[in-house]
Amino acid sequence: MMNPHPSDTHDPIRWDREHLWHPYTSAVAPLPVYGVRRCEGVRIELEDGRRLIDGMSSWWCAVHGYNHPRLNAAVERQLAEMSHVMFGGLTHRPAVELGQKLLAMVPGSKLSDGDPQKPEFVFFADSGSVAVEVAMKMALQWQQAQGHLQKREFITIRGGYHGDTWHAMSVCDPEGGMHALWQGRLAVQHFVPRPPVSFHEAWNPEALQPVREAFEQLGDRLAGFILEPVVQGAGGMWFYHPEYLRGVAQLCREYGILLVADEIATGFGRTGRLFACEWAGVVPDILCVGKALTGGYMTMAAVVATARVARGIDGPFMHGPTFMGNPLACAVANESLAMLAEMNLPERIRGIEAILTEELAPLRELIPAGAVRDVRVLGAIGVVEMARPVEMARIQAAFVQEGIWIRPFGRLIYTMPPYVIDEADLRALCRALVRVVRAEAACR
Ligand code: PMP
């Protein structure tokens, strides 16, 4: 049948609206999208010429800003050699270098050789969700190889988010839309409450009681505990106490449950430590990284396993994506990691944290009146939690009008700017955000 609404192929925004799905949108009634012409540094330039200060780092990725000459050059150098070659039976320097760099920087890298908890093996995946699938498979295969045939289920904390593929969805917050939609079809996993003690509160060991009870009851069936260390991202932007993570790691050891740390969002400095596990001095059994790994240039993720896990899987590990270890992605990741190593990352993140804290503080005044529920900052992440969900299309337009790119979800308005943002841009970003939130609060 002919399309009843023939598309105008000369109007890309209109064609997009009629034929392209965007994240979490409907084909029938999509939210508006803005055309982007180019990006440079922390600026996103729209097709109509407006230039927005980027407050999202393209969902935690573009930590060095856009169109960076060093990252561009790394891609171009690699392009001249090969953009891709299969990883089955072949290898290449960019992959080896990236493996070496990762193993030298992840939590536990300073443990002595021969320590079973030392990270030893890297699996390159093609996206964060796939890395989570790989990590979960790894945990299952390891338990099976140990003869723990009953240990086939996972436990996690409420308020988490681990991706959109099948098993990643099964460990996302069960109250979220995805679970509701797939009820009865997703693998059934186990959930403990969201860690009740926030990052900045005094620690209370009672917070671990639900984990202890769950392990007591289910320990024999649990292969792994998957969590986002210290910062829960897309499931609620919640910062919890590092002691909770330390306690979970300890309990996992006692009950023979593998700890899978999903640092896809938190990795590479975002929380103020290179990896969020460092806040608790925890070395996970399996670690997932992604997002900022390539500085936001292309899709790539990695799963790092300790010696105990990697060597404990007898026989092949059964996964092997077509674009595994893509040389272009490895090359740009190597350059991005070199740039992170050269910048004084902790100091830079502390600087961003101080400005976010200062500039967002005025929004705390709106808490008593009820429109804003909480304002919180950790590292280079600033969050304004509203009392009610925002109206996306309207608030998005308001941010663009103010010259900033902020993409809220639900009740959460948040920013995680590129690490390279300068003070003037960061203050301008925050002040525009504050104006929009104030207007939003006033019209409720
Ligand atoms: N885990 C976490 C903690 C994430 O934040 C995300 C992405 N938002 C994912 C997994 C999934 O990554 P991807 O979108 O690359 O599949």
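Here the structure is a predicted model, which means the values were calculated and not measured. Counting starts at 1 for both ligands and their atoms, following the listed order.
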Could you tell me whether [X] and [Y] make a salt bridge, using a distance below 4.0 angstrom between a side-chain N and a carboxylate O?
X	Y	value
R38	E45	no
R394	E440	yes
E133	K137	no
R246	E243	yes

Q: Specify side chain, backbone, both or neither for E228, according to which of its non-hydrogen atoms lie closer than 4.0 Å to ligand 1.
A: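 The answer is the side chain of E228.
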Q. Is W59 touching ligand 1 with its side chain, its backbone, both, or neither, if touching means heavy atoms under 4.0 Å apart?
A.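 Within the 4.0 Å criterion, W59 makes no contact with ligand 1.
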Q) Who are the side chain to side chain contact (heavy atoms under 4.5 Å, CB included) partners of R93, not counting sequence neighbours? A)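 Listed in chain order: nothing, the list is empty.
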Output yes when the distance from some N or O of ligand 1 to some N or O of [X] is under 3.5 Å, and no in every other case.
X	value
S129	yes
W60	no
V130	no

Q: Fit a plane to each ring of H148 and W142, take the angle between them on a 0 to 90° scale, and name the class: parallel (under 30°), tilted (30 to 60°) or perpendicular (over 60°).
A: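 It falls in the perpendicular class, over 60°.
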(Q) For atom 8 (N) of ligand 1, tell me which residue out of M300, E133, K291 has the closest non-hydrogen atom. (A)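 Looking at heavy atoms only, K291 sits closest to atom 8 (N) of ligand 1.
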Atom indices of ligand 1 within 4.0 angstrom of [X] heavy atoms, with elements:
X	result
A265	5 (O)
S127	15 (O), 16 (O)
G163	10 (C), 11 (C)
D262	1 (N), 2 (C), 3 (C), 10 (C)

Q: Do me a favour and list the nearest non-hydrogen protein atom to atom 15 (O) of ligand 1 with residue, atom name and distance?
A: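 Scanning the protein heavy atoms, the shortest distance from atom 15 (O) of ligand 1 goes to G128 N, 2.8 Å.
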Q | atom 6 (C) of ligand 1 [closest protein heavy-atom partner, distance rounded to 0.1 Å] | A |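 Looking at atom 6 (C) of ligand 1, the protein heavy atom closest to it is Y161 CE2, 3.6 Å.
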Q. Is there any salt bridge (Lys or Arg N to Asp or Glu O under 4.0 Å) pair reaching into residues 182-208, and which pairs are they, with sequence neighbours excluded?
A.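 Residue pairs with at least one partner in residues 182-208: there are none.
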Q | Whether over 12 other heavy atoms sit under 6.0 Å from F121 CZ | A |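 No - once you tally the heavy atoms of other residues, nucleotides and ligands closer than 6.0 Å, there are 12 at most.
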